[in-house]
Amino acid sequence: MIWGKSVTTPTETVTSWLANFDAAIRAANYAGAADLFAEECYWRDLVTFTWNLKTVEHRAGVRELLESCAATTAPTNWQVDGEATEADGVTEAWITFETATARGNGQIRLVDGMCWTLLTAMLELKGHEEPRGTNRSMGVVHGADPDRLTWQEQRAKDNAELGYTTQPYCVIIGGGQGGIGLGARLKQLGVPTIIVEKNPRAGDSWRNRYKSLCLHDPVWYDHLPYIKFPENWPVFAPKDKLGDWLESYTKVMELNYWGSTECVNAQFDEKAGTWKVDVVRTADDGTTAEVTLEPTQLILATGMSGVPNVPEIPGADQFEGDIHHSSKHRSSEEYAGKNCVVLGSNNSAHDICAALWESGAAEVTMIQRSSTHIARSQTLMKLALGDLYSEEALANGVTTEMADMIFASLPYRILHTFQIPVYQEMARVDADFYQALDDAGFLLDWGDDGSGLFMKYLRRGSGYYIDVGASQLIIDGKVKLRAPANIAEITATSVILDDGSELPADLIVLATGYGSMNGWAAKLISPEVAEKVGKVWGLGSDTTKDPGPWEGEQRNMWKPTQQEALWFHGGNLHQSRHYSLYLALQIKARMEGLETPVYGLQEVHHVG
């Protein structure tokens with residue numbers, strides 16, 4: 001107490017705001033609730049109010065959301081979780097709340113007592129909680145029963161029946177880390193699910209990539225749901241080690257994982273409200289069997305990227321060497337003493353160039369068509385990830401779950417403003433490195449607005465390389481560079497560039513990226529459904545390869561689409577981990593017959 005004046009703590013400030021917000025909603029005074037927000041404000045909702053992933057902006061957006069959703073959502077019990085903090089004029093707090101059907105958490109930022117940013121996120125459905133903690137299963141029924149099945153026998157029975165005598169509620173196409181993590185979420189929620197994967201074993205999607213591949217993101221960023229990597233896990237996991245982890249995870253989490261199974265067609269039955277998913281299963285002896293699954297929900301978890309982009313280059317059919325997309329590149333050793341050309345300049349192109357050089361290729365040349373953003377791995381970890389995903393972050397009490405929520409609480413509309421200073425500092429710290437790359441002729445960029453790697457990733461999913469050594473090979477001239485350039489023609493033994501120059505070639509790697517994820521919808525379902533859904537990924541930022549209009553969330557990811565009962569799941573390990581929760585809760589709610597009125601279903605602006 002200061003004489004004659006009461007000092008309000010940050011926690012009291014947020015508690016008062018929440019009480020006023022609650023009172024306005026209870027009174028159906030939605031205009032009054034919106035007036036508690038600053039004129040520039042952002043409310044990001046992950047399923048709780050909107051049954052969608054939706055960000056609204058400005059008071060009018062807040063009011064419209066409440067007018068549409070508040071009565072059915074019936075939010076109550078708004079509480080500050082822990083103690084609020086105040087710094088640089090911004091008061092921040094973690095919050096909890098309930099709705100008629102769910103429990104939620106979130107984060108709030110106040111400026112001058114008004115809400116600047118609000119995050120509301122669903123944690124669990126009431127009456128359908130995961131069996132964890134005090135709610136975990138017993139694992140055994142004590143007593144004597146002559147008909148008792150052991151755990152092993154019950155698992156075998158379930159595996160023999162699901163997909164044959166009983167149908168899954170959900171089918172996930174794609175058994176990489178995204179499909180596996182989502183499958184684990186659905187398993188814990190009691191949603192019968194089959195994961196369909198064309199490779200024989202879980203983790204093969206990593207094992208089958210080029211030999212030198214390692215994760216470019218650090219371990220603290222990459223945990224799967226429920227089971228974190230051990231404390232002695234390497235910072236950057238080699239591909240085969242990660243593949244083994246995914247395979248073990250699949251077994252431990254008791255997932256219904258159909259390896260050696262390829263989806264050949266899927267059709268939605270509008271009358272029945274279910275899918276017919278035709279798959280071909282290959283047994284160990286090579287025999288095949290066709291199976292038709294009839295799930296209610298279909299999820300494409302084929303990775304953030306879609307079908308590989310393979311450019312049509314005149315003369316490719318007469319090339320006498322090897323030519324393949326980077327997704328098909330397995331080993332570099334066989335190209336020792338060979339002339340190798342890599343078309344592209346992003347992550348895969350750099351990794352493959354480095355692997356070819358290490359394997360003793362006679363000459364490795366990178367063909368750079370357009371500028372690329374480069375971030376050195378150690379600098380990126382320190383400046384961009386260190387506060388949230390690192391040993392230092394853990395020591396400061398920032399858990400993986402807390403870090404995920406902090407990142408989610410920053411609206412996409414303003415996220416670039418937080419990123420720009422990071423990359424300005426990166427340019428200063430690594431100035432000599434960037435000057436050397438420039439001197440080597442490499443075409444560098446920092447994104448359209450200087451916001452760097454992560455915004456490029458969110459906007460377009462391409463255009464960058466996290467440097468783990470290949471850049472120095474370019475600087476030293478050990479990997480040759482032609483930039484800006486493109487391949488105009490291929491002969492039997494060479495490539496001819498668009499400036500007329502010719503390079504001898506025994507290997508051509510097309511590191512030319514991927515199309516939108518809806519390319520898989522076109523391939524597996526139909527072009528009409530792909531067009532109905534529209535472009536997958538991107539924010540509508542009106543920057544390079546991310547055309548407007550502004551959408552405010554990742555297009556079609558982890559949320560309802562214009563095609564009933566069709567969902568997309570993917571992204572990096574962090575996104576797959578975090579957003580799999582919200583997708584799983586949406587699926588579970590539908591299985592249980594809960595009302596799930598979707599607010600702000602995404603419109604389709606781009607079919608490609």
Side-chain angles (χ1 to χ4, degrees), residues 11-30 32-34 36-37 42-56 62-63 65-84 92-110 115 117-136 185 188-191 399 401-402 404-406 408-409 558-559 578-600:
T11 299
E12 290 170 339
T13 297
V14 176
T15 299
S16 176
W17 189 94
L18 292 173
N20 291 334
F21 188 54
D22 181 54
I25 292 176
R26 287 175 182 272
N29 180 11
Y30 304 133
L36 296 170
F37 287 72
Y42 308 90
W43 180 359
R44 188 178 192 210
D45 182 63
L46 305 180
V47 185
T48 50
F49 280 75
T50 59
W51 291 103
N52 198 356
L53 273 60
K54 183 70 177 176
T55 299
V56 296
V62 172
R63 185 181 65 251
L65 187 155
L66 288 172
E67 287 172 347
S68 296
C69 305
T72 53
T73 302
T76 60
N77 199 23
W78 296 88
Q79 301 287 334
V80 175
D81 186 11
E83 294 295 324
E92 297 188 41
W94 297 105
I95 61 172
T96 60
F97 61 97
E98 297 182 26
T99 71
T101 57
R103 297 179 187 88
N105 65 347
Q107 206 254 19
I108 188 170
R109 295 182 182 92
L110 304 180
C115 183
T117 70
L118 176 64
L119 170 68
T120 50
M122 187 177 289
L123 266 177
E124 59 185 3
L125 293 164
K126 293 179 179 178
H128 306 287
E129 296 83 357
E130 291 184 3
R132 62 166 71 196
T134 58
N135 195 36
R136 71 173 73 224
R185 298 275 195 195
Q188 295 308 303
L189 287 169
V191 178
T399 64
E401 293 75 17
M402 184 182 296
D404 289 348
M405 290 295 285
I406 291 171
S409 74
W558 316 296
K559 60 183 180 180
H578 184 62
Y579 290 102
S580 61
L581 170 63
Y582 308 115
L583 177 48
L585 288 169
Q586 292 173 80
I587 298 290
K588 174 66 172 179
R590 285 162 172 77
M591 189 184 85
E592 297 298 339
L594 302 180
E595 292 294 323
T596 57
V598 177
Y599 176 77

>> For Phe37, give me all partners under ring-ring contact (aromatic ring centres under 6.0 Å, His included), at least two apart in sequence or on another chain.
In response: Trp17, Phe21

> Do you know the tightest heavy-atom contact between Ala589 and Leu125?
Replying inline: N-CD1, 3.8 Å

>> Can you list everything that forms a salt bridge (Lys or Arg N to Asp or Glu O under 4.0 Å) with Glu83? Sequence neighbours excluded, please.
In response: none

> How would you list, by chain and number, every residue that makes a ring-ring contact (aromatic ring centres under 6.0 Å, His included) with Tyr599, sequence neighbours excluded?
Replying inline: none

> Does any non-hydrogen side-chain atom of Thr596 lie less than 4.5 Å from one of Gln586?
Replying inline: no

>> Under a 3.5 Å distance rule, please check whether Asn105 uses its side chain to pair with a backbone N or O of Trp94 as donor and acceptor.
In response: no

> What residues form a side chain to side chain donor-acceptor pair (under 3.5 Å) with Trp51, not counting sequence neighbours?
Replying inline: none

> Can you name the residues that form a side chain to side chain contact (heavy atoms under 4.5 Å, CB included) with Glu124, not counting sequence neighbours?
Replying inline: Arg103, Glu129

> Applying salt bridge (Lys or Arg N to Asp or Glu O under 4.0 Å), which residue pairs with at least one partner in residues 43-56 are found, sequence neighbours left out?
Replying inline: Arg44-Glu553

>> Just verifying a value: how many Å separate Thr117 OG1 and Trp43 CH2, rounded to the nearest 0.5 Å?
In response: 12.5 Å

> Thr72: what forms a side chain to side chain contact (heavy atoms under 4.5 Å, CB included) with it, not counting sequence neighbours?
Replying inline: none

> Going from CG on Leu123 to CG on Leu585, what distance comes out if it is rounded to the nearest 0.5 angstrom?
Replying inline: 8.5 Å

>> Show the nearest heavy-atom pair for residues Lys588 and Val191, with the distance to one decimal.
In response: CD-CG2, 3.9 Å

> Going from CZ on Arg132 to CD on Gln188, what distance comes out if it is rounded to the nearest 0.5 angstrom?
Replying inline: 8.0 Å

> In chain order, what residues pass the salt bridge (Lys or Arg N to Asp or Glu O under 4.0 Å) check against Arg590, with sequence neighbours excluded?
Replying inline: none

>> Tell me every residue that passes ring-ring contact (aromatic ring centres under 6.0 Å, His included) with Tyr582, counting only those two or more places apart in sequence or in another chain.
In response: His578

>> Could you work out, with salt bridge (Lys or Arg N to Asp or Glu O under 4.0 Å) as the rule, every residue matching Asp81, not counting sequence neighbours?
In response: none

> What are the two closest non-hydrogen atoms of Arg109 and Ser409, and how far apart are they?
Replying inline: NH2-OG, 2.8 Å

>> According to side chain to side chain contact (heavy atoms under 4.5 Å, CB included), who are the partners of Thr73, at least two apart in sequence or on a separate chain?
In response: Phe49, Cys69, Pro75, Thr99

> What pair of heavy atoms forms the shortest contact from Thr76 to Arg26, and how long is it?
Replying inline: CG2-NH2, 3.6 Å

>> Let me confirm one number: the CD-OG1 distance from Glu98 to Thr48, rounded to the nearest 0.5 Å.
In response: 12.5 Å

>> Would Arg185 and Leu581 count as a side-chain contact (heavy atoms from CB on, under 4.5 Å) here? Give the steps.
In response: CA-CA 6 Å; Arg185 298 275 195 195; Leu581 170 63; 3.7 Å; yes

> Do Leu53 and Tyr579 have side-chain heavy atoms sitting under 4.5 Å apart?
Replying inline: yes

> Taking only residues two or more places apart in sequence or in another chain, which ones pass side chain to side chain contact (heavy atoms under 4.5 Å, CB included) with Ala93?
Replying inline: Val14, Val80, Ala84, Ile108

> Any idea which heavy atoms bring Lys126 and Ala102 closest together, and the distance?
Replying inline: CE-O, 3.5 Å

>> Give me the atom names and distance for the closest heavy-atom approach of Ile95 to Leu118.
In response: CD1-CD1, 3.9 Å

> Roughly how far apart are Asn29 CG and Ile25 CD1, rounded to 0.5 Å?
Replying inline: 10.0 Å

>> Nearest 0.5 angstrom please: Trp558 CH2 to Leu583 CG, how far?
In response: 10.0 Å

